[in-house]
Trainee: 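The structure follows.
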Amino acid sequence: MDSTRVTEQPTSYERPEPGVIPADTRGAFLSASAPAHGPGSTSSSSSSSSSSSPPSASGTAGPGAEHSQPHAGQESEPDTHRPRPAPEGIPLQPAGGQKPDVHDHPAADHPAADPSAPGGTSREQASQDHSVPAPDGPERRTGQVTPPGKPTPMRRDGDRLRFVGAATRRIARGIDLEEIVMGLCRATVPTFADTILVYLREPLPVGDERPTGPLVLRLRRSDRIPAERDIEGGFVPAAAPTPSELDSIGSERCTVRPGSALAEVLRGVRPVFTDAPAARAALPELLGNGAEPAVPGGQRAILAPLRGRRRVIGAALFLRGPERLAFEADDLLVAAQLATHSALGIDKAVLYGREAYIADELQRTMLPENLPRCTGVRLASRYLPAAETARVGGDWYDAIPLPGSRVALVVGDVMGHSMTSAAIMGQLRTTAQTLAGLDLPPQEVLHHLDEQAQRLGADRMATCLYAVYDPVAHRITIANAGHPPPILLPIGGRAEVLRVPAGAPIGVGGVDFEAVELDAPAGATLLLYTDGLVESRLRDVWTGINQLRDKLAATAQLTGPDHPPPLEALCDEVLDMLGPGDRDDDIALLAARFDGIAPNDVAYWFLEPEDAAPGRARRLARRALSRWGMEDLSDSVELLVSEVVTNAVRYASRPVTLRLLRTDVLRCEVGDDVPQLPRLRQARATDEGGRGLYLVNRLARRWGATRLSTGKVVWFELNHGG
């Protein structure tokens with residue numbers, strides 16, 4: 001069956017000359033017209049190769065043979081001379097008129113015979129038969145002059161288009177600012193220029209921001225031809241360049257004065273040769289005084305402004321050394337394309353960086369910066385985003401101190417990984433903190449959160465688990481809204497998944513929530529988490545919960561049956577159970593160690609709202625301090641207790657409660673049935689009262705007042721040292 005053989009037209013950076021075969025279009029090595037004879041080659045193979053008709057300078061098998069038919073009965077041969085795509089290195093060529101040494105090409109030392117090649121010659125030899133360099137001929141990749149080993153300039157529009165396409169693809173691969181600038185430098189040097197200097201505005205404007213102050217350019221990056229090139233893949237190292245004045249030019253910062261030559265060049269937007277009067281006058285301002293003579297003349301430097309979407313954001317200076325051919329007029333178009341793509345990429349990178357910063361700040365402010373120090377409980381937490389590209393989400397955790405030395409433990413998860421999810425999470429977290437301050441039961445807190453989610457929107461769904469720990473009673477009350485159940489790890493016991501009614505997610509509406517009260521023994525650890533820790537594409541949620549329970553039990557065995565594991569190390573061990581494919585969702589983790597308060601460290605009394613109550617409160621407090629060996633605090637405690645109890649019994653209609661707690665500090669709590677909170681004010685000289693809270697504020701370590709559903713609690717703390 002006849003077939004048409006199409007011979008590919010070669011292209012080169014150098015125009016074809018009579019009797020000269022141009023360089024290969026894809027960067028093949030150039031060699032002499034006669035194949036190099038290595039050891040073991042015979043003259044018969046050489047004569048056989050010489051007898052074949054050499055191709056013409058146009059790359060065809062003969063005149064008019066570009067679309068010639070093969071002889072009858074002869075099968076179409078595969079094109080064994082089709083060159084491979086060139087790597088990004090810069091191959092070298094031998095001196096004009098000399099045959100290359102076979103040892104310069106390791107792949108040609110022992111060429112393998114190719115039966116498909118005429119005369120049994122190898123593919124390397126057949127390729128060399130079509131590569132004849134011109135005397136003092138240039139090499140095609142990067143545009144340097146004709147001496148041996150020097151690249152040559154791009155001479156054809158197709159070469160420039162291919163270079164611009166490859167360079168813009170490399171620039172477009174960058175995401176952040178450094179990657180884009182580095183992509184511009186790596187794509188330009190040494191293919192287009194010997195040296196590049198990239199100046200960017202400082203600070204870079206973001207979006208529609210209008211910069212204030214003078215235009216300041218800072219040298220962001222400069223690249224030059226390296227002294228050595230990688231020889232992997234068969235590339236020959238280039239000769240080390242001699243030191244040049246190009247290695248020392250370029251100031252670190254420059255201020256663009258309004259109306260100056262540099263300002264006019266930047267306003268013009270288009271790249272210009274520096275031998276133009278305006279550009280030559282702008283160089284001292286950009287590079288610094290004394291650097292202008294180091295810039296080569298004769299159209300060997302191009303100054304290209306970098307313009308983003310709305311304003312000039314920098315400049316790029318492309319330089320070629322004196323030993324290299326000068327730029328051509330078409331190279332200004334190449335520089336314009338490089339500058340445009342780089343500037344737009346920098347604009348997008350700055351916007352992306354600002355959005356990432358806003359997302360990080362939003363997520364950071366939505367989560368507690370530090371967990372509070374609560375009486376009778378120790379806390380630890382972790383938060384991991386789903387991925388670096390999605391650093392915001394709807395997972396949150398919180399620990400809220402409550403009256404009576406209690407603490408509320410909250411963990412929740414809003415659907416999604418967007419800024420909207422993070423904003424909704426922040427609103428729900430704020431609502432939960434407000435409801436906790438009202439001392440509502442856990443089921444009531446979830447009910448109000450459900451109503452709040454419905455007010456935010458019909459599709460605002462979230463799961464939440466709310467628990468209240470009482471260190472005095474050693475009890476914990478938990479209510480759940482569609483969240484994974486917590487795990488309790490007692491000392492010397494086995495990790496247990498607590499049986500808490502699941503409930504419906506927040507936002508469903510019309511659903512009642514149920515709370516359960518459970519024992520919280522001293523030394524036990526409660527782990528609250530979101531579903532990102534236990535659920536992924538590789539496992540379902542209950543499989544993950546069982547794995548988490550086993551992980552906690554194994555970690556507890558390392559510290560022995562009498563000592564609980566450290567909280568921080570426990571959190572790290574829990575996160576280590578995640579595999580490479582287990583990070584499909586955000587992860588929020590809150591661990592609480594229940595230390596509790598021993599019964600002998602608590603003193604609790606009821607006082608009738610009568611005039612004798614303050615005196616009785618002083619006697620009871622003195623007796624408790626004497627039993628605890630804290631007589632040095634008696635005077636301060638009696639004075640403060642008397643003032644607070646006096647204010648309580650003045651307005652209360654039911655018995656007043658007095659409680660002393662001995663932990664790392666001494667805490668006193670006075671409760672009554674009046675919801676109005678006391679306020680600190682400066683009493684006048686003629687006032688008979690109003691100085692009680694002033695004394696509390698001056699003598700106590702901390703103090704506060706919290707409103708309850710049945711009244712309020714006023715509390716203060718004193719250090720053991722008085």
Side-chain angles (χ1 to χ4, degrees), residues 371-380 397-411 432-446 464-480 485-491 493 496 498-501 513-528 564 567 590-606 624 655-673 702 704-717:
L371 292 174
R373 298 185 60 182
C374 303
T375 303
V377 62
R378 285 175 285 174
L379 303 170
Y397 61 88
D398 212 345
I400 308 169
L402 299 178
S405 300
R406 297 170 300 155
V407 58
L409 307 174
V410 191
V411 64
Q433 289 179 331
T434 304
L435 296 172
L438 299 176
D439 197 29
L440 297 179
Q443 64 272 20
E444 291 296 326
V445 172
L446 294 183
C464 182
L465 192 145
Y466 189 94
V468 175
Y469 170 65
D470 189 345
V472 177
H474 296 273
R475 303 281 289 178
I476 184 169
T477 306
I478 306 175
N480 191 5
I487 299 179
L488 184 66
L489 178 65
I491 294 181
E496 176 187 2
L498 298 183
R499 296 183 177 181
V500 180
F513 299 98
E514 182 180 355
V516 295
E517 187 174 354
L518 304 171
D519 289 332
T525 303
L526 184 69
L527 191 69
L528 309 180
L567 278 183
L590 179 63
R593 174 70 44 75
F594 299 144
D595 294 334
I597 300 177
N600 56 356
D601 291 331
V602 180
Y604 192 84
W605 304 278
F606 286 95
V656 175
T657 60
L658 172 63
R659 186 167 71 170
L660 296 180
L661 302 173
R662 183 185 66 168
T663 56
D664 53 342
V665 295
L666 179 67
R667 182 182 177 97
C668 177
E669 299 174 352
V670 178
D672 58 60
D673 60 345
R702 289 196 313 160
T706 305
R707 182 179 285 109
L708 305 178
S709 58
T710 57
K712 69 174 181 294
V713 169
V714 179
W715 57 270
F716 62 86
E717 293 178 351

Trainee: Is the shortest side-chain heavy-atom distance between V377 and P471 below 4.5 Å?
Mentor: no
Trainee: Name all pairs fulfilling the salt bridge (charged side-chain N to carboxylate O under 4.0 Å, His left out) condition that reach into residues 517-528, sequence neighbours left out, sorted by first residue then second.
Mentor: R475-E517, R475-D519
Trainee: Are T657 and E669 packed together at the side-chain level, in the sense that at least one heavy-atom pair is separated by less than 4.5 angstrom?
Mentor: no
Trainee: To the nearest 0.5 Å, tell me how far L526 CG sits from I476 CD1.
Mentor: 4.5 Å
Trainee: Taking all non-hydrogen atoms of both residues into account, name the closest pair between L465 and P486 and its distance.
Mentor: CD1-CD, 3.4 Å
Trainee: Can you list the residues that meet the side chain to side chain donor-acceptor pair (under 3.5 Å) rule with Y469, with sequence neighbours excluded?
Mentor: none
Trainee: Can you tell me how far CG of L666 sits from CG of L660, rounded to the nearest 0.5 angstrom?
Mentor: 6.0 Å
Trainee: By salt bridge (charged side-chain N to carboxylate O under 4.0 Å, His left out), which residues pair with R702, not counting sequence neighbours?
Mentor: E717
Trainee: D672: what forms a side-chain contact (heavy atoms from CB on, under 4.5 Å) with it, not counting sequence neighbours?
Mentor: A648, A652, V656, V674, K712
Trainee: Do W715 and T706 come close enough that some side-chain heavy atom pair is under 4.5 Å?
Mentor: yes
Trainee: Under the side-chain contact (heavy atoms from CB on, under 4.5 Å) test, which residues partner E496, sequence neighbours left out?
Mentor: L498
Trainee: How long is the straight-line distance from CG of L435 back to OH of Y466, given to the nearest 0.5 Å?
Mentor: 7.5 Å
Trainee: Mind jotting down which residue pairs meet the side chain to side chain donor-acceptor pair (under 3.5 Å) criterion with at least one end in residues 437-446? Sequence neighbours excluded, please.
Mentor: R406-D439
Trainee: If the condition is side-chain contact (heavy atoms from CB on, under 4.5 Å), which residues does A591 pass it with, not counting sequence neighbours?
Mentor: L527, L567, C571
Trainee: Could you tell me the separation between the OG1 atom of T375 and the CZ atom of R667, rounded to the nearest 0.5 Å?
Mentor: 5.5 Å
Trainee: The criterion is side-chain contact (heavy atoms from CB on, under 4.5 Å); which residues satisfy it with E514, sequence neighbours excluded?
Mentor: P501
Trainee: Looking at CD1 of I478 and CG of L409, how far apart are the two atoms once the value is rounded to the nearest 0.5 Å?
Mentor: 8.5 Å
Trainee: Taking ring pair (Phe, Tyr, Trp, His ring centres under 6.0 Å) as the test, write out the residues that go with F716, two or more places apart.
Mentor: none
Trainee: Check whether any side-chain heavy atom of C668 sits under 4.5 Å from a side-chain heavy atom of L658, and report yes or no.
Mentor: yes
Trainee: Would you say V713 and R659 make side-chain contact, with heavy atoms under 4.5 Å?
Mentor: no
Trainee: Grab the two heavy atoms, one from H474 and one from G596, that are nearest each other, plus how far apart they are.
Mentor: CE1-CA, 3.6 Å
Trainee: Looking at P372 and A399, what are the two nearest heavy atoms and their distance?
Mentor: CG-O, 3.3 Å
Trainee: Search all heavy atoms of P655 against all heavy atoms of F606 and return the closest pair with its distance.
Mentor: CB-CD2, 4.4 Å
Trainee: Can you name the residues that form a salt bridge (charged side-chain N to carboxylate O under 4.0 Å, His left out) with D595, not counting sequence neighbours?
Mentor: R378
Trainee: Only counting residues at least two apart or in another chain, list the ones meeting salt bridge (charged side-chain N to carboxylate O under 4.0 Å, His left out) with D470.
Mentor: none
